[in-house]
Amino acid sequence: MIATHTLSDVRITLPSWEEFLHVVLLEEYNTRVVVLGVMALGLASGLIGTFLVLRKRALTADALSHATLPGIVIAFMFMVGLGGDGKSLIGLLIGAFVFGCIGVLLILAIRSTTRLKDDAAIGIVLSVLFGLGICLLRIATDLPSGNSAGLSGFIFGKAASMVASDAIVMVSLAIFVSICTAFLFKEFTVLCFDSSFGSSQGWPCLLLDTILMTLVAIVTVIALQTVGLVLAVALLIIPAASARFWTNSVKKMLISAAIIGVLSGWLGAVVSAVIPRIPTGPIIVMICGFWFLLSFVFGADSGMLKRQVQRIRLNRKIELQHLLRAMYELIEGSEKESVTTYSIVSKRSWSNSHVNALLQRAKSGGYIEATGSIEFRLTSFGSSEANRIVRNHRLWEVYLINYADIAPSHVDRDADMIEHVLGTEMVHQLEALLDHDDIIDSPHPLGGATS
Amino acid sequence: MDNLVSLMSNINQSNDRHSEHSLTAPVSIHDMTVAYQRKPVLWDVDLDIPEGKLVTIVGPNGAGKSTLIKAAMDLVPKASGIVKFYGKTYKSQRHLVSYVPQRETVDWDFPIDALGVVTMGRYSNIGWCLPVRKKDKHIAMEALERVGMSDYAHRQISQLSGGQQQRVFLARALAQDASICFMDEPFASVDAATERAIVEVLTELKQAGKTVVVVHHDLQTVPEYFDYVIMLNMRVVAHGNVDEVFTEENLKKTYGGRLTLLSEAAERFARQGKSH
């Protein structure tokens, strides 16, 4: 079949609307099986992947999945040697599991007996065992007896060949992993956050680590058939990593990762069923990647967009406070009530237009009001705000000068940054510490007139 | 074989003698040596920590201060020696011991809020596989209140300042309601407000009859904060009440040539001691 296509043969026939509906509505039995199986797999790997990522063992899982290849081939040869055709799936998966675990143990052994760190140990184990697997695979294909044709399917996965019993295995896996996650939630959380505290409390962290990695190994081995050993780790890492952008709690991260895993599985299976010749495993991984991109940009907790908005908001707030402070200090000690644009410009390294824009913003915010074409004064609201800002600022300056051994000429820049994050708690403590309740004279006012 | 038996009985005897000697001490360390790979970091540590006191461990970098408390709690393996808590092994007395690790040991980007971290102090009380109870949340909240952090209970931990993170760690230990508390450098790079909050909690713990053991690096505050001092430099140089043991001579022995900066401080303490 495959031999009849060449590299230049790039035709991808898009399906008709009817065909599309036929697949999406799961009217076909085969599609139903694949979609169900892959969704269950997405759920299981999303859940266990969350703890894997939080435990910072993502790359260990990658080594684990690559290390399964020699296990699969050796199991095949062993079964052929016993006189079968080597096609027992259970046998192959047991081989995969055993070698996956051997891979993890080798990493641990290298890390604890040499000076090498995790990354180097993982690199060595991953490549050497995968290389061994490829060599053995070559030998297995040349074996006179046995049918080794299916073995290479484990490298890139063959979801389309999934049968009902496979889907049942995946659904059971998903249920099993969900139960483990629910019961060991607390234990895994303390393991991932602070294992030395956990040990001091009597939690057997080594055992918990073993349970976690065993669950990872089971999920990986079951995912092999679908996404293949090269990409298996993607299902574990990407949904969990994407979920991190949406939430700040382990519980919600688990739920989000499970949802992203299930959605990726469903979409991937549907897309590969609708568009012929698109392999299921890689498309699932690409869809995971798409979710990651979405989360990275739009994530409600630490997505790029939100962080940018927060940064811009903070900058605007800081600038407004600078403006109010500048106005306050211009008025302070003089009879005047209003200040001109020019005097503000001379106080700060701002351009004319920038100051005008700031003044407009302050005006619409109700902080200041115009008293002439280029003259402004603080409203009573603006004045009390300015009062508060200047007070915080000067408390902080005095604190730094008196307690932190910083030369007064170096204080202002730091204070500018920090006054905006000073909480009320800190201010109260500073007040008590410094015995100041009223506005105090700035050790060096804005504009550098002191030097 | 006979030799081995007699050796074993010797060891047993020395154990027995030791436990008789220190049944009441919250922590009694006997002949403890700890080695990381090839390099020993603690030699023959032998001391009893008195009950109901604020105890500090001081010594230069690499003196084995953190190692001492970690080895006592079986967090690092001992090359030799025995540690007893109220005359029993750590394993059986674990519920009586709380631990505040160094702040840098955990990933503060972890998706959890302050209350969540403090609730971890209740986990071993809850036990395997069971969910967190309302009661535990309540106790955790109280612990946060005691360190002045109840306003930050639902703040993600990465958004807390270093001092606030340290107070969350302290609250986690409080939530365990243990009678012995080990703290590893709780005053390291914290703000003045946190230092004061921690000292207040330490005093409260002492008044409640608890034993607190603090790894500390600021020699100046030792006489002010602590009752009992263990001076350590790979072995115990001196241990005893601060006013008796914390002398210039012992500081020189502990810090060796490195004390040029610190000797000034020691002199000041000596003068203060005389004026009292």
Side-chain angles (χ1 to χ4, degrees), chain A residues 50 53-56 112-115 179-180 182-187 189-205 207-208 240 243-254 256-257 301-302 399 402-404 418 421-430 432-433, chain B residues 37 69-70 72-76 90-92 94-95 97-102 105-113 116-117 119-132 148-149 151-152 154-159 161 163-164 169 172-173 176 178 182 184 191-194 196-197:
Chain A
T50 298
V53 167
L54 289 177
R55 185 75 179 129
K56 302 189 176 67
S112 58
T113 56
T114 69
R115 289 179 186 183
I179 291 172
C180 287
F183 277 106
L184 293 175
F185 173 77
K186 196 166 95 268
E187 288 76 4
T189 306
V190 77
L191 172 77
C192 296
F193 176 63
D194 192 352
S195 61
S196 74
F197 171 80
S199 305
S200 82
Q201 290 304 291
W203 295 107
C205 285
L207 176 68
L208 287 171
R244 187 65 186 86
F245 288 102
W246 295 96
T247 172
N248 253 330
S249 107
V250 182
K251 223 172 245 172
K252 288 180 194 153
M253 189 173 157
L254 279 168
S256 322
D301 177 69
S302 47
Y399 171 74
N402 289 336
Y403 292 88
I418 292 163
V421 283
L422 270 184
T424 44
E425 179 200 27
M426 189 56 166
V427 172
H428 288 320
Q429 267 146 10
L430 281 181
L433 206 64
Chain B
Q37 304 211 347
I69 60 174
K70 281 186 193 154
M73 286 181 292
D74 293 343
L75 288 178
V76 296
Y90 177 67
K91 226 174 176 167
S92 59
R94 198 147 40 197
H95 58 283
V97 184
S98 60
Y99 173 43
V100 183
Q102 284 185 25
T105 55
V106 304
D107 173 15
W108 289 95
D109 274 330
F110 198 84
I112 199 167
D113 60 13
V117 174
T119 312
M120 280 185 195
R122 304 293 308 158
Y123 281 7
S124 57
N125 185 284
I126 299 167
W128 278 93
C129 298
L130 296 170
V132 174
M149 287 287 296
D151 290 345
Y152 299 88
H154 298 290
R155 189 75 74 86
Q156 210 273 323
I157 52 171
S158 67
Q159 291 165 12
S161 73
Q164 290 169 334
F169 259 20
R172 182 176 67 177
Q176 285 168 247
F182 287 107
D184 203 343
D191 52 277
T194 298
R196 206 146 15 83

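Here is the naming used below: chain letters follow the sequence lines, and residue numbers restart at 1 for every chain.
- Most heavy-atom pairs under 4.5 Å with chain B, from the set A:G202, A:S196, A:S195: that is A:G202.
- With a 4.5 Å cut-off on non-hydrogen atoms, A:S112 touches chain B through its backbone but not through its side chain.
- Proximity to chain B is absent for every atom of A:I179, based on heavy atoms less than 4.5 angstrom apart.
- If you measure heavy-atom distances from B:F182 to chain A, you find no contacts under 4.5 Å at all.
- Looking only at heavy-atom pairs under 4.5 Å with chain B, the residue among A:R244, A:K56, A:Q201, A:K186 that has the most is A:K186.
- Both the backbone and the side chain of A:C192 have a heavy atom closer than 4.5 Å to some heavy atom of chain B.
- With sequence neighbours excluded, no residue forms a ring pair (Phe, Tyr, Trp, His ring centres under 6.0 Å) with A:F185.
- Considering CD of B:Q156 and CG of A:D301, their distance stands at 7.0 Å, rounded to 0.5 Å.
- For the options B:V132, B:I157, B:I126, heavy-atom pairs under 4.5 Å to chain A are most numerous at B:I126.
- Neither the backbone nor the side chain of A:S302 comes within less than 4.5 Å of any heavy atom in chain B.
- Using a 4.5 Å cut-off on side-chain heavy atoms (C-beta onward), B:V117 and A:F197 make no contact.
- Using a 4.5 Å cut-off between heavy atoms, B:D74 does not touch chain A at all.
- Distance check, rounded to the nearest 0.5 Å: CZ of B:F110 to OG1 of A:T189 gives 6.0 Å.
- Looking at A:E187, only its side chain comes within 4.5 Å of chain B, counting heavy atoms on both sides.
- For chain A, the option among B:Y123, B:W108, B:F169 with the highest count of heavy-atom pairs below 4.5 Å is B:Y123.
- Contact tally against chain A (heavy-atom pairs below 4.5 Å) for B:L130, B:V97, B:T105: the top residue is B:L130.
- Rounding to the nearest 0.5 Å places NZ of B:K70 at 11.0 Å from OG of A:S200.
- Taking 4.5 Å as the limit, every side-chain heavy atom of A:S249 sits out of range of all side-chain heavy atoms of B:I112.
- At a 4.5 Å heavy-atom cutoff, A:K251 makes no contact with chain B through either its backbone or its side chain.
- Residues B:P111 and A:W246 are not in side-chain contact: their nearest non-hydrogen atoms beyond the backbone lie 4.5 Å or more apart.
- Legend: residues meeting side chain to side chain contact (heavy atoms under 4.5 Å, CB included) with B:H95, ordered by chain and number and at least two apart, are B:Q93.
- The heavy-atom pair separating A:F193 from B:D107 by the smallest distance is CE1-O, 3.8 Å.
- Neither the backbone nor the side chain of B:V100 comes within contact range of chain A, judged by heavy atoms closer than 4.5 Å.
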